[in-house]
Amino acid sequence: MEDDDASTIFGAVHNPVYRANEVAVPGGARSHFEGPSDNESGRERQLVQERVAFKTKSQIEILDDGFKWRKYGKKMVKSSPNPRNYYKCSVDGCPVKKRVERDRDDPGYVITTYEGVHTHKSNS
DNA sequence: CGGATTTGACCTGCGC
DNA sequence: GCGCAGGTCAAATCCG
């Protein structure tokens with residue numbers, strides 16, 4: 001069924017920039033399940049969230065996939081001499097977050113990590 | 001005018 | 001107990 005392309009998660013399928021050179025990566029959805037402790041020490045946090053990472057060959061990190069993203073933070077991680085950018089969907093009802101980071105081995109590549117699924121339709 | 005963007009500071013969690 | 005890492009939010013500013 002999902003023989004379409006990775007854009008399935010994005011919902012947007014009219015973006016050449018993505019299929020132009022995407023190098024699949026992740027194992028799809030990462031189910032984070034709390035097994036042992038039947039009780040979170042005091043605070044219940046979010047549970048399973050869809051996490052998808054994509055490596056795109058691009059010099060810019062602002063890849064427009066059809067959604068509107070608002071940068072809400074920048075941080076430098078030790079794993080990479082480059083700063084990591086945090087984006088969030090500016091659409092109401094869209095708890096989706098995007099994390100963009102430059103590849104440490106391939107400065108010409110960008111790692112885009114999507115967290116969550118779009119609840120609104122990007123395709124009018 | 002509205003929305004978006006930027007940097008810094010702050011907070012939390014975990015490790016040792 | 002403290003430090004570190006990572007992540008998030010807020011205020012100010014700029015652009016269209």
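For the numbers below, each heavy atom of this structure counts, side chains included, while hydrogens, waters and symmetry mates do not. Note that the coordinates shown come from a computational prediction; the quantities given were computed from them, not determined experimentally. Chain A is the first sequence line, chain B the second, and so forth, proteins listed ahead of strands; every chain is numbered from 1.
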Close side-chain approach of Val52(A) and Thr113(A), heavy atoms under 4.5 Å: no
Sole candidate of Thr56(A), Ile111(A), Asn82(A) that passes side-chain contact (heavy atoms from CB on, under 4.5 Å) when paired with Asp103(A): Ile111(A)
Rounded to whole angstrom units, what separation is found between the [atom1] atom of [X] and the [atom2] atom of [N]?
X	N	atom1	atom2	value
Met76(A)	dG7(C)	CE	P	15 Å
Tyr72(A)	dA10(C)	OH	C1'	14 Å
Lys98(A)	dA4(B)	NZ	P	14 Å

From Tyr87(A) atom OH to Tyr114(A) atom OH, the distance as rounded to the nearest 0.5 Å: 10.5 Å
From Asn85(A) atom CG to Trp69(A) atom CH2, the distance as rounded to the nearest 0.5 Å: 13.5 Å
Closest contact, heavy atoms only, Pro81(A) versus Arg104(A): CD-CG, 3.7 Å
Residue whose closest nucleotide on DNA chain B lies nearer the 5' end, Lys68(A) versus Gly73(A): Lys68(A)
Pair listing, salt bridge (Lys or Arg N to Asp or Glu O under 4.0 Å) test, anchored in residues 69-86 of chain A, at least two apart: Arg84(A)-Glu101(A)
Residues which pass side-chain hydrogen bond (donor to acceptor under 3.5 Å, both in side chains) with Ser90(A), listed by chain and number, not counting sequence neighbours: none
Partners meeting side-chain hydrogen bond (donor to acceptor under 3.5 Å, both in side chains) with Asp106(A) (sequence neighbours left out): none
Residue-level proximity of residues 84-91 of chain A to DNA chain C when a heavy atom falls under 4.0 Å: Arg84(A), Tyr86(A)
Remaining members of hydrophobic cluster (4.5 Å side-chain criterion), Tyr86(A): Tyr72(A)
Closest-nucleotide 5' rank along DNA chain C - winner of Arg99(A) and Arg70(A): Arg99(A)
Does a side-chain N or O of [X] approach OP1 or OP2 of [N] to a distance below 4.0 Å, or not?
X	N	answer
Lys78(A)	dA5(C)	yes
Lys97(A)	dT8(C)	yes
Lys75(A)	dA5(C)	no

Taking N or O atoms only and anything under 3.5 Å, show me the protein contacts with nucleotides 12-14 of chain C, one pair per line.
none

